[in-house]
Amino acid sequence: MKKQFIAAAIMFGLTGMAAAQTVVTVNGTKIDSKEVDNQVAILVQESQNQIQDSPELRKNITNRLITRILLIQAAKNQNLDKDPEYLKALSQAEAEAKRLGDDKKPGFKEEWSFFKDNLLTQAYLASVAKNNPVKPQDVSNAYNDMVKYYSGTQEVQLGEIITRDADTANKAIAQLKANKNFSTVAKEYTIDPAGRENGGIPKGYVAIKDLQESATPVYNAIKDLKKGQYTATPVQGNSNIYAVFYVNDKRNVKLPSQKEMTPVLSRRLQSALIAQAIDQLYKNATIK
């Protein structure tokens with residue numbers, strides 16, 4: 001229970017009592033600048049300053065708070081805050097908090113309020129899933145679409161050397177041009193701990209079409225490479241990170257059977273239905 005309280009505090013922040021300006025209202029419910037400030041402070045601290053305060057970060061936090069309020073409002077509109085299962089879970093959590101003595105600690109009242117609301121958002125999402133079950137035919141159709149999508153395409157086992165600057169990446173490339181083994185070079189130059197252990201080559205494969213959709217710079221760098229070839233120039237990523245990619249293996253895409261994919265596809269379809277429900281909450285909301 002204690003861990004749940006801490007997680008809730010990290011995720012949603014604690015609302016201060018000091019006066020603050022209203023950032024946005026969601027169906028009449030205000031989100032003030034103090035809530036956003038608390039979120040920023042928590043994220044910066046938890047990331048050990050890897051995440052920095054910025055307008056983009058504040059916008060993302062505000063959007064997350066808006067979504068949370070919409071879920072809480074929707075749950076209450078459906079009387080889920082009076083649902084026996086929700087009340088039972090709440091009662092059990094409260095009893096556990098008292099057993100551990102959490103209820104006597106400073107800030108418990110605020111933490112408990114956020115925990116209750118967090119539990120209520122989970123109740124709403126569970127309700128959406130229950131009322132919109134994924135049908136076997138939906139899974140079958142999704143699998144057939146996936147087969148068509150990947151038909152005739154390839155996947156690669158992609159090695160990578162990650163560096164903090166282009167000069168280091170070029171040094172690694174020079175070693176590869178001198179016919180040094182990729183794994184040996186990766187262990188020497190990569191800043192990725194896992195890469196230093198596995199020689200920069202993970203066991204898994206990635207579909208080239210997936211790279212084309214979600215990682216265009218990587219796709220453009222490796223799409224024409226054959227097995228055993230590497231990128232001749234560093235590929236720049238986010239935060240001034242540079243990478244050298246190596247095609248350790250290349251083969252036709254091998255899809256698992258529909259039976260093996262059913263749990264994964266079911267979760268994806270269920271997540272899509274939940275996302276649609278949240279989108280509808282936004283469409284029906286007055287946000288200003």
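Along the sequence shown, residues are numbered consecutively beginning with 1.
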Using every non-hydrogen atom in the two residues, find where [X] and [Y] come nearest and quote the distance to one decimal.
X      : Y      : value
Pro217 : Val235 : O-CG1, 4.3 Å
Ala169 : Val244 : O-CG2, 3.8 Å
Gly199 : Ala186 : O-CB, 3.4 Å
Asn132 : Gln270 : O-NE2, 3.2 Å
Lys180 : Val185 : CB-CG2, 3.8 Å

[X] side, atom [atom1]; [Y] side, atom [atom2] - distance, nearest 0.5 Å:
X      : Y      : atom1 : atom2 : value
Ile208 : Lys250 : CD1   : NZ    : 4.5 Å
Lys288 : Thr286 : NZ    : OG1   : 7.0 Å
Lys104 : Phe108 : NZ    : CZ    : 9.5 Å
Asp102 : Glu94  : CG    : CD    : 12.0 Å
Gln258 : Met261 : CD    : CE    : 10.0 Å
Ile278 : Lys283 : CD1   : NZ    : 13.0 Å

Polar side-chain atom of [X] near backbone of [Y] as donor-acceptor pair, under 3.5 Å:
X      : Y      : result
Ser47  : Leu43  : yes
Ser266 : Thr262 : yes
Thr190 : Lys187 : no
Asn118 : Phe114 : no
Thr22  : Val24  : no
Ser33  : Val23  : no

[X] vs [Y] side-chain heavy atoms within contact, under 4.5 Å:
X      : Y      : answer
Val247 : Gln229 : no
Ile31  : Thr25  : no
Glu260 : Ser257 : yes
Tyr124 : Leu120 : no
Phe182 : Asn248 : no
Leu255 : Tyr150 : yes
Ile161 : Thr163 : yes
Glu35  : Leu65  : yes

Decide whether [X] and [Y] meet the rule of one side-chain donor and one side-chain acceptor closer than 3.5 Å.
X      : Y      : value
Tyr143 : Asp138 : no
Glu110 : Ser113 : no
Glu56  : Asn60  : no
Arg64  : Gln39  : yes
Tyr246 : Thr231 : no
Tyr242 : Asp165 : no
Gln73  : Thr29  : yes

Out of curiosity, does [Y] fall in the hydrophobic cluster containing [X] (side-chain heavy atoms, cut-off under 4.5 Å, transitive links)?
X      : Y      : result
Ile173 : Phe245 : no
Leu80  : Leu273 : no
Val128 : Val134 : no
Val26  : Val36  : yes
Ile201 : Ile222 : no

Show your working on side chain to side chain contact (heavy atoms under 4.5 Å, CB included) between Asn79 and Lys82 and close with a plain yes or no. CA-CA 5 Å; Asn79 292 318; Lys82 300 177 178 63; 4.1 Å; yes
Within a radius of less than 6.0 Å around CD of Gln48, do more than 12 heavy atoms belonging to other residues, nucleotides or ligands occur?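 It does not: Gln48 CD has 12 such atoms or fewer within range.
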Go through Val40 and Ile61 one step at a time and tell me if the side chain to side chain contact (heavy atoms under 4.5 Å, CB included) criterion holds. CA-CA 8 Å; Val40 171; Ile61 287 172; 3.7 Å; yes
Which of these, Ile72, Leu70, Leu71, sits in a side-chain contact (heavy atoms from CB on, under 4.5 Å) with Arg68?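 Result: among Ile72, Leu70, Leu71, Ile72 is the only option passing the side-chain contact (heavy atoms from CB on, under 4.5 Å) with Arg68.
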Salt bridge present between Arg58 and Asp37 (N-O < 4.0 angstrom):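 Yes, this pair counts.
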Between Arg251 and Glu155, does any side-chain N to carboxylate O distance fall below 4.0 Å?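 Yes, Arg251 and Glu155 are salt-bridged.
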So Glu85 and Lys88, salt bridge (Lys or Arg N to Asp or Glu O under 4.0 Å) or not? Walk me through it. CA-CA 5 Å; Glu85 290 188 15; Lys88 180 181 179 181; over 6 Å; no
Could you please spell out the steps behind the side chain to side chain contact (heavy atoms under 4.5 Å, CB included) verdict for Arg164 and Ile191? CA-CA 8 Å; Arg164 297 191 187 280; Ile191 61 173; 3.7 Å; yes
Step by step, work out the side-chain hydrogen bond (donor to acceptor under 3.5 Å, both in side chains) result for Thr67 and Tyr282. CA-CA 8 Å; Thr67 300; Tyr282 269 89; 2.5 Å; yes
Criterion side chain to side chain contact (heavy atoms under 4.5 Å, CB included) on Ile162 and Tyr189, from CA distance to verdict: CA-CA 8 Å; Ile162 307 298; Tyr189 287 97; over 6 Å; no
Does the cation-pi check pass for Lys209 over Tyr149, that is, NZ or CZ under 6.0 Å from the six-membered ring centre and within 45° of its axis?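 Positive - Lys209 is close enough to the ring of Tyr149 and near enough to its axis.
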